[in-house]
Amino acid sequence: MESRSILETIQMIDEENLDIRTITMGISLLDCIDSDGAKARQKIYDKITTSAKDLVKVAGQIQTEYGIPIINKRIAVTPIALVAAASSDADYVAYAQTMERAAEAIGVDLIGGFSALVQKGYQSGDRKLIASIPQALAETSRVCSSVNIGSTRAGINLDAVGELGRIIKQTAAIDPVNCMSLVVFANAVEDNPFMAGAFHGVGEADRIINVGISGPGVVKRALEQVRGQRIDVVSEQIKKTAFKVTRMGQFVGSIASERLGVPFGIVDLSLAPTPNEGDSVAEILEEIGLESVGAPGTTAALALLNDAVKKGGVMACEHVGGLSGAFIPVSEDAEMIRAVRAGRLGIEKLEAMTAVCSVGLDMIAIPGDTSAASISGMIADEAAIGMINNKTTAVRVIPAPGKGVGDEVEFGGLFGRAPVMPINASQPQAFIARGGHIPAPIHSFKN
Amino acid sequence: MRAIITVIGHDHVGIVAAVANELSQHDMNIVDISQTIMDQNFTMMLLSEWDEANLSFVAAKQLLEQLGQANDLTIRIQRQAVFDAIQKL
């Protein structure tokens with residue numbers, strides 16, 4: 001019995017907020033496709049509720065027996081635009097309602113996959129799905145939606161970029177909180193366990209268990225022990241800590257997989273903050289030596305953090321996947337909220353940060369009078385960063401109707417609260433209105 | 001069933017006795033034990049073994065949590081594999 005390691009583990013869980021953020025079961029719905037929409041939805045409901053009927057129970061058992069908090073249980077399904085395309089339904093809101101009912105029946109927190117992949121172009125189902133998003137999110141509370149509008153191999157679908165700017169505005173007009181369930185990706189990954197962007201890729205197995213870990217507090221505490229030392233030591237310390245945090249993910253995933261009889265997919269090596277004190281990625285950056293997140297040097301510190309987390313985590317688990325990196329969702333990180341309120345962190349710096357970490361402009365409230373074209377411009381910028389740098393990027397912004405800079409939007413729970421941030425007032429109208437397709441970039445002459 | 005029991009709280013007379021007594025009453029054997037004072041906190045760890053046919057893990061957890069509440073202690077019980085998974089290569 002090794003007392004020190006037992007106590008250290010208990011301290012990581014109790015005082016430093018180490019937890020399993022999510023166990024997400026990916027479920028393929030390709031075998032539910034039917035030309036009759038009602039039949040397809042019944043098959044979808046049946047498949048989800050039978051495949052994942054024990055997910056919540058097993059997660060509870062693991063939590064009880066091993067003392068590891070498992071915060072969320074989630075489902076990710078095949079992008080509904082693919083599944084529903086065979087039907088003649090005029091809109092896909094009913095599919096979202098089916099997802100909601102299935103999620104409710106098995107007790108999971110969220111279900112992702114009300115999604116479309118349009119990086120190269122639209123198929124018939126994609127257009128209907130995207131048009132259905134505002135209503136689908138208004139009529140459900142657990143359904144998450146994502147649209148992939150660009151990739152390194154395909155370039156950027158500027159028509160979709162323009163459309164999603166309008167869709168985000170329409171979604172916010174019904175209720176701005178619904179926007180937190182909608183993410184616009186470039187280079188979306190097929191095995192992401194995190195929401196709102198999780199969907200089950202077509203290349204995946206029929207069912208799979210993916211795990212997302214948390215643990216910024218553990219990294220912060222570990223770095224407190226190496227104050228003033230060389231940056232190399234910081235990197236080593238993060239690697240060692242990330243290893244332990246990730247082992248927890250590997251451990252929980254393999255037990256869940258065994259008990260559910262579903263293959264274990266990947267661990268997503270992510271540092272996911274929550275609004276709780278001591279569970280902040282921004283605090284890690286400040287522990288590295290920044291007066292505030294947003295100060296010059298923030299991008300470098302974040303790059304080091306992100307890379308060291310991956311280096312430490314990769315050895316800790318069999319398969320790595322998902323988004324894997326440090327998340328910087330503004331509303332979900334208490335220290336980021338403080339930095340924004342103090343005027344020390346702006347959207348431009350956040351955009352730079354997204355070039356070196358996962359995932360993008362995330363959970364950012366913007367003024368309600370922001371034009372659809374401006375939102376599209378933000379999406380295009382993020383997608384360009386992802387496309388050129390071969391990484392996943394995303395936009396999840398919340399234009400809050402009637403609110404301006406200085407106001408706040410409350411999401412509740414893990415999603416926190418977001419101060420409305422100023423954005424550049426000059427308009428990209430004519431650029432977005434051009435439509436068409438930004439060609440895939442060249443992968444040589446890297447500069 | 002083998003599990004690690006950790007007992008943490010303000011030091012006072014009779015903690016070891018109370019915990020050991022409770023375990024023996026439920027036929028839970030103590031395989032290994034260590035105890036120290038850390039940051040003025042009484043800290044004890046036990047490796048316990050018992051027959052799950054007689055006492056389920058959940059029931060053992062409830063017993064120990066109640067004992068903890070009655071004695072102003074935090075008592076946790078966790079299966080051992082989690083510590084090995086996190087701390088060992």
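Predicted model only: the values in this text are computed from it and were never measured. Chain A is the first sequence line, chain B the second, and so forth, proteins listed ahead of strands; every chain is numbered from 1.
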Give the C-alpha distance, both sets of side-chain angles, the deciding distance and a yes or no for side chain to side chain contact (heavy atoms under 4.5 Å, CB included) between B:I86 and A:F251.
CA-CA 8 Å; B:I86 292 172; A:F251 176 71; 5.8 Å; no
Please evaluate residues A:T9 and B:Q78 with respect to the criterion side chain to side chain contact (heavy atoms under 4.5 Å, CB included), reporting the C-alpha separation (whole Å), side-chain torsions for both, the decisive distance (0.1 Å), and the verdict.
CA-CA 11 Å; A:T9 306; B:Q78 289 157 282; 5.6 Å; no
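- Inspection of non-hydrogen atoms places no residue of residues 10-18 of chain B under 4.5 Å from chain A.
- Heavy atoms closer than 4.5 Å to chain A are found in the side chain of B:I4, but not in its backbone.
- Heavy-atom distances place no part of B:A3 under 4.5 Å from chain A, backbone and side chain included.
- Residue B:Q25 qualifies as enclosed at atom CD: its count of foreign heavy atoms under 6.0 Å is above 12.
- Counting heavy atoms from C-beta on, the side chains of A:Y66 and B:R79 come closer than 4.5 Å.
- Contacts between B:T36 and chain A at a heavy-atom distance below 4.5 Å are absent for every atom of the residue.
- Heavy atoms of B:I8 lying under 4.5 Å from chain A belong exclusively to its side chain.
- Near-neighbour residues of residues 49-75 of chain B relative to chain A, defined by a heavy atom under 4.5 Å from a heavy atom of that chain, comprise B:F57, B:V58, B:K61.
- For A:E258, the CD atom counts as loosely surrounded, since its 6.0 Å shell holds 12 or fewer non-hydrogen atoms of other residues, nucleotides or ligands.
- Of the listed residues (A:D14, A:V252, A:T246, A:V245), the greatest number of heavy-atom pairs within a distance under 4.5 Å of chain B belongs to A:D14.
- Side chains of A:M248 and B:V82 form a contact here, defined as non-hydrogen atoms less than 4.5 Å apart.
- Annotation: side chain of B:M38 is in contact with side chain of A:L7 (closest heavy-atom distance under 4.5 Å).
- Residue A:Q61: no heavy atom, backbone or side chain, is found under 4.5 Å from chain B.
- Within the 4.5 Å cutoff, no side-chain heavy atoms of B:D84 are placed close to those of A:E2.
- Looking at A:I68, only its side chain comes within 4.5 Å of chain B, counting heavy atoms on both sides.
- Only the side chain of B:T6 comes within contact range of chain A, judged by heavy atoms closer than 4.5 Å.
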